[in-house]
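Just so it is clear, the model here is predicted, and its values are computed rather than measured. Within every chain, numbering begins at 1; the chains are lettered A, B, ... in the order of the sequence lines, protein sequences first and strands thereafter.
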2 protein chains.
Amino acid sequence: MNSEDALSQEEETLTIAQMAERTGLSADALRYYEKAGLIEPVGRSAGNQRRYAATDLDWVEFVLRLRATGMSIADMQRFARLRTAGQTTVADRLAFLREHRSGLDERIRALQQNADALDKKIDHYERLLSPQPGTERT
Amino acid sequence: MNSEDALSQEEETLTIAQMAERTGLSADALRYYEKAGLIEPVGRSAGNQRRYAATDLDWVEFVLRLRATGMSIADMQRFARLRTAGQTTVADRLAFLREHRSGLDERIRALQQNADALDKKIDHYERLLSPQPGTERT
DNA sequence: CTAGAACTTGGAGTGCGCTCCAAGTCAAAC
DNA sequence: GTTTGACTTGGAGCGCACTCCAAGTTCTAG
């Protein structure tokens with residue numbers, strides 16, 4: 001019980017390669033996110049190499065959730081800026097997430113609807129292929 | 001009862017601008033789709049201007065459903081090529097749609113899961129903001 | 001018949017979200 | 001202390017799905 005999950009307090013930090021492996025992002029993408037302000041400047045080793053803490057991992061995982069739900073980098077930047085600005089922005093952040101959440105519901109509904117339409121098309125093709133309807137033997 | 005819905009047999013065809021309005025695609029995008037082979041070469045007026053028939057409209061609407069469910073243009077090209085190739089490809093088309101459909105299910109599930117996680121984050125922010133838990137009256 | 005709006009083509013340009021590269025520095029193992 | 005692999009930066013390049021543009025042609029209304 002050493003290296004999976006919650007980053008044991010002992011190991012403390014991750015290199016960019018370890019972070020990449022854990023998050024599924026490339027090292028390049030992690031640097032890009034940091035440069036873009038999605039991730040705030042991360043800790044560094046004596047020799048200036050990135051060292052990610054557990055809190056960084058949590059944040060990146062949250063960012064990935066926003067991304068997975070279709071949020072653009074520009075919008076994630078906005079949220080990250082609010083977060084960086086401190087607790088005075090909690091209400092703004094809540095509003096932001098609520099709005100994103102409701103857009104998400106809409107998108108899921110639309111997807112379901114399109115999935116249903118696809119099912120009909122699939123049925124159609126299945127009928128085209130099936131031997132003969134109502135004429136089992138001949 | 002003249003211009004909405006199913007393209008009355010009388011009017012017969014639509015100009016590219018009318019098609020754009022009906023589908024929500026831009027005229028440029030319609031030409032791009034045609035050039036890309038997503039739409040087969042559409043009918044032309046005497047003077048070489050595009051005239052879309054009802055069947056073209058149906059097909060574009062189907063293509064839009066594929067797009068809305070996340071299919072890339074390259075994949076839609078593949079499907080369009082199968083369609084153009086005739087009834088011998090019906091089984092292939094069915095397999096194609098089934099695969100797309102099952103990927104779609106996965107994506108919807110993932111989206112739901114992320115939505116749930118977002119709800120937790122929202123709850124978290126709500127608790128941060130709410131006056132005082134468990135101390136309704138002071 | 002004519003003016004002006006809508007259409008045609010080919011090709012260049014755009015925005016997004018990374019990815020790749022070069023040239024140099026740092027870290028870990030021996 | 002040296003090698004080898006991982007890391008650093010800045011910036012160029014890429015794939016996707018369009019969008020925009022220019023120069024010319026066609027359509028429609030009056």
Side-chain angles (χ1 to χ4, degrees), chain A residues 3 11-53 56 60-80 100 103 107 114, chain B residues 3 11-53 56 60-81 100 103 107:
Chain A
S3 72
E11 277 202 41
E12 202 88 317
T13 61
L14 296 175
T15 66
I16 197 167
Q18 293 167 329
M19 190 69 170
E21 197 183 359
R22 273 177 183 250
T23 61
L25 283 168
S26 68
D28 273 326
L30 280 166
R31 290 192 204 97
Y32 167 72
Y33 279 15
E34 187 176 336
K35 210 189 305 187
L38 288 194
I39 300 174
E40 41 188 285
V42 68
R44 299 291 180 131
S45 72
N48 198 39
Q49 296 190 357
R50 270 166 266 251
R51 293 295 179 258
Y52 292 88
D56 295 323
V60 169
E61 279 168 353
F62 177 64
V63 163
L64 286 179
R65 228 180 276 293
L66 294 182
R67 187 186 70 162
T69 49
M71 189 179 289
S72 70
I73 286 195
D75 282 351
M76 293 192 285
Q77 283 169 341
R78 278 169 212 123
F79 190 83
H100 181 58
R107 287 187 35 241
N114 281 312
Chain B
S3 73
E11 278 204 40
E12 201 88 316
T13 62
L14 296 175
T15 66
I16 197 167
Q18 292 167 331
M19 191 69 169
E21 197 183 359
R22 271 178 185 251
T23 60
L25 283 169
S26 68
D28 273 327
L30 281 166
R31 290 192 204 99
Y32 167 72
Y33 279 14
E34 188 175 338
K35 210 190 306 186
L38 288 195
I39 300 175
E40 40 187 287
V42 68
R44 299 291 180 131
S45 71
N48 197 38
Q49 295 191 358
R50 269 164 268 250
R51 294 294 178 259
Y52 292 88
D56 295 323
V60 169
E61 278 167 356
F62 177 64
V63 163
L64 286 179
R65 229 181 275 294
L66 294 182
R67 186 185 72 161
T69 50
M71 189 179 289
S72 70
I73 285 194
D75 282 351
M76 294 192 286
Q77 282 169 343
R78 278 169 212 123
F79 191 82
R81 239 178 286 126
H100 180 59
R107 287 185 35 240

Asker: Taking all atoms of both residues into account, what is the closest heavy-atom pair of Asn114(A) and Ala68(B), and its distance?
Answerer: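 Smallest heavy-atom distance, with atoms named: ND2-CB, 3.5 Å.
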Asker: Pick the nucleotide of DNA chain C nearest each of Ala74(A) and Ser45(A); which residue has the one closer to the 5' end?
Answerer: Ala74(A)
Asker: Check every atom of dC18(D), dT8(D), dC27(D) against the side chain of Tyr32(B) and return the nucleotide holding the closest atom.
Answerer: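 Of the options given, the side chain of Tyr32(B) lies nearest dC18(D).
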Asker: Rounded to whole angstrom units, what separation is found between the CG atom of Asp75(B) and the P atom of dG15(D)?
Answerer: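 Between P of dG15(D) and CG of Asp75(B): 17 Å.
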Asker: Report the distance from atom CD of Glu34(B) to atom P of dA17(D), rounded to the nearest whole Å.
Answerer: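 Result: 18 Å.
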Asker: Could you tell me how far apart Gln77(B) (CD) and dC16(D) (C1') are, to the nearest whole angstrom?
Answerer: 12 Å
Asker: Distance under 4.0 Å to a non-hydrogen atom of chain A counts as contact; along DNA chain C, which nucleotides mark the start and end?
Answerer: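 First and last nucleotides in contact are dG17(C) to dA27(C).
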Asker: Tell me whether Arg51(B) is salt-bridged to Glu12(B), with the criterion being a basic N under 4.0 Å from an acidic carboxylate O.
Answerer: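 So Arg51(B) does not pair with Glu12(B) through a salt bridge.
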Asker: With a 4.5 Å limit on heavy-atom distance, are the side chains of Tyr32(A) and Ile73(A) in contact?
Answerer: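 Answer yes - side chains close enough.
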Asker: NA contact type, Asp28(B), heavy-atom cut-off 4.0 Å: base, sugar-phosphate, or nothing?
Answerer: base
Asker: Would you indicate, yes or no, if dC16(D) has its OP1 or OP2 atom less than 4.0 angstrom from a side-chain nitrogen or oxygen of Ser72(B)?
Answerer: no
Asker: Does dC27(D) have OP1 or OP2 under 4.0 Å away from a side-chain N or O of Thr15(B)?
Answerer: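 No.
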Asker: Tell me the interatomic distance from Leu38(B), atom CG, to dC18(D), atom C1', rounded to whole angstroms.
Answerer: 12 Å
Asker: I want to confirm an ordering. Mapping Arg44(A) and Met71(B) to their closest nucleotides on DNA chain D, which one lands closer to the 5' end?
Answerer: Arg44(A)
Asker: On DNA chain D, nearest-nucleotide positions of Asn48(B) versus Arg67(B): which is more 5'?
Answerer: Arg67(B)
Asker: Mapping Ala46(A) and Gly47(B) onto DNA chain C by nearest heavy atom, which one lands closer to the 5' end?
Answerer: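 Whichever sits nearer the 5' end wins; that is Gly47(B).
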Asker: In whole Å, I'd like the distance from the CZ atom of Arg31(A) to the P atom of dA6(D).
Answerer: 13 Å
Asker: Which heavy atom of Gly37(A) sits nearest to which heavy atom of Ala80(A), and what is that distance?
Answerer: O-CB, 3.4 Å
Asker: Taking atom CD as the centre, does Glu21(A) end up with more than 12 heavy-atom neighbours from other residues, nucleotides or ligands that are less than 6.0 angstrom away?
Answerer: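 Counting neighbours around CD of Glu21(A), 12 or fewer heavy atoms of other residues, nucleotides or ligands fall under 6.0 Å, so no.
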Asker: For a side-chain contact (heavy atoms from CB on, under 4.5 Å) with Val42(B), tell me which candidate from Ile16(B), Val60(B), Asp56(B) qualifies.
Answerer: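 That would be Asp56(B).
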Asker: Are the side chains of Val63(B) and Ile39(B) in touch, meaning some heavy atoms are under 4.5 Å apart?
Answerer: no
